[in-house]
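The next block holds one structure in the form of structure tokens; read it before the comments.
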Amino acid sequence: MGDAPERCRAAHVPPERGFLTKPRLAEAMIARALPDLPGGPGAVSVAADEVYGREQAFRSFLEERRLPYVVNIQANTPVMARSGWRHAARLVERVAREQDWVELAAGPSQLDTRTWQWWVRRLPGPGDLADEDVWARWFIARRRSEEPGKRDYYLGWGPADTPVEEIVLVPGARWRVEEAIKLAKSACGLADYEVRSFHGWYRHITLAQLAAAFLGGCDAATGRDSGPLASTRFGQPPPTAASGSGQRGGRS
């Protein structure tokens with residue numbers, strides 16, 4: 001019930017509602033949504049920032065449920081067991097050649113602001129080697145051509161035959177989540193509440209998110225975003241690479 005049980009009881013917070021970190025909350029929400037996923041696990045992918053991605057426990061949770069993912073990690077996150085090559089930033093500095101970076105769009109953009117340079121390499125995975133024929137791990141680095149020294153890093157896991165063009169769409173899908181939250185706050189009052197009880201807060205949040213989902217559905221139906229959604233996995237058709245189209249992540 002948290003650090004203030006008396007206040008929690010006064011606000012009618014259920015006794016089973018204890019404190020949870022963000023990764024544990026995400027796991028609970030994912031587990032709740034899994035039975036209703038269209039196509040089941042594997043038909044969708046998980047994108048998350050480094051608050052979630054840096055946790056091995058969270059990544060293992062997704063893998064155990066066969067949920068492909070691409071999650072942000074910090075520059076000093078270990079990605080390989082070999083001494084001197086472990087950290088994400090060090091691996092890119094030592095191995096990535098200029099000609100290895102592939103320019104791909106991370107999703108649709110009217111102003112072409114979502115095109116990045118990507119360096120994707122398959123990582124050796126622990127466990128049963130036979131399983132690696134079906135599932136694969138990737139290390140992914142992303143940068144802007146005008147700022148090559150400023151990079152983002154990701155770890156990915158999913159079907160071994162996933163092309164690079166689809167892998168990069170997963171982190172690119174995060175902007176839709178951010179836009180959805182902005183919509184819920186600005187148009188539906190998601191963050192505008194002053195309540196004194198758990199029930200009041202829960203009802204407000206639930207109705208605000210339901211209203212935001214309705215507006216988002218209406219927006220998608222009118223095609224105002226960027227045309228009809230066509231991809232079966234990530235909600236957008238695979239982009240065309242400026243160079244190296246069709247390249248797959250190889251082993252480093």
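Quantities reported herein were computed from a predicted structural model and do not represent experimental measurements. For the numbers below, each heavy atom of this structure counts, side chains included, while hydrogens, waters and symmetry mates do not.
- Taking OH of Tyr193 as the start and CZ of Arg203 as the end, the distance is 15.5 Å to the nearest 0.5 Å.
- With hydrogens and angles left out, the side-chain atoms of Ser60 and Glu64 include no donor and acceptor closer than 3.5 Å.
- Salt bridge annotation for Asp192-Lys185: absent, with no cationic side-chain nitrogen under 4.0 angstrom from a carboxylate oxygen.
- Checking Glu63 against Tyr69 by side-chain atom types alone, a donor-acceptor pair falls below 3.5 Å.
- The cationic group of Arg142 lies under 6.0 Å from the six-membered ring centre of Trp116 and within 45° of the ring axis, placing it in a cation-pi geometry.
- Relative to the ring axis of Trp101, Arg143 places its NZ or CZ within 45° and under 6.0 Å from the centre.
- His204 contributes a side-chain N or O that, together with a main-chain N or O of Gly189, makes up a donor-acceptor pair within less than 3.5 Å.
- For the pair Thr77 (side chain) and Ile73 (backbone), a donor-acceptor distance under 3.5 Å is absent.
- The two residues Arg122 and Ala136 come nearest to each other via the heavy atoms NE-CB, 3.4 Å.
- Aromatic ring centres of Trp138 and Trp157: separated by at least 6.0 Å.
- Side-chain contact of Tyr52 with Arg54: a donor-acceptor pair under 3.5 Å is absent, judged by distance alone.
- In this structure, Arg144 contributes its side chain and Thr115 its backbone to a donor-acceptor pair below 3.5 Å.
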Please assess Arg65 against Glu27 for the test salt bridge (Lys or Arg N to Asp or Glu O under 4.0 Å), listing each intermediate value before the final yes or no.
CA-CA 11 Å; Arg65 287 154 182 80; Glu27 291 170 359; over 6 Å; no

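- Proximity of a side-chain donor or acceptor of Arg196 to a complementary backbone N or O of Ala11 within less than 3.5 Å is not detected.
- Within the 3.5 Å criterion, the main-chain N or O of Val168 finds no donor-acceptor partner in the side chain of Trp118.
- Contact annotation: the side chain of Ile205 approaches that of Leu190 to within less than 4.5 Å [non-hydrogen atoms, C-beta and beyond].
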Between Cys188 and Leu215, is the side-chain contact (heavy atoms from CB on, under 4.5 Å) condition met? List the steps.
CA-CA 9 Å; Cys188 306; Leu215 293 177; 3.7 Å; yes

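- Of all non-hydrogen atoms in Ser145 and Gln117, the two that sit nearest each other are CB-NE2, 3.5 Å.
- Relative orientation of the Trp201 and Phe198 rings is tilted, given thresholds of 30° and 60° on the angle between their planes.
- Using a 4.0 Å cut-off between charged nitrogen and carboxylate oxygen, Arg174 and Glu179 do not count as a salt-bridge pair.
- Thr162 contributes a side-chain N or O that, together with a main-chain N or O of Pro159, makes up a donor-acceptor pair within less than 3.5 Å.
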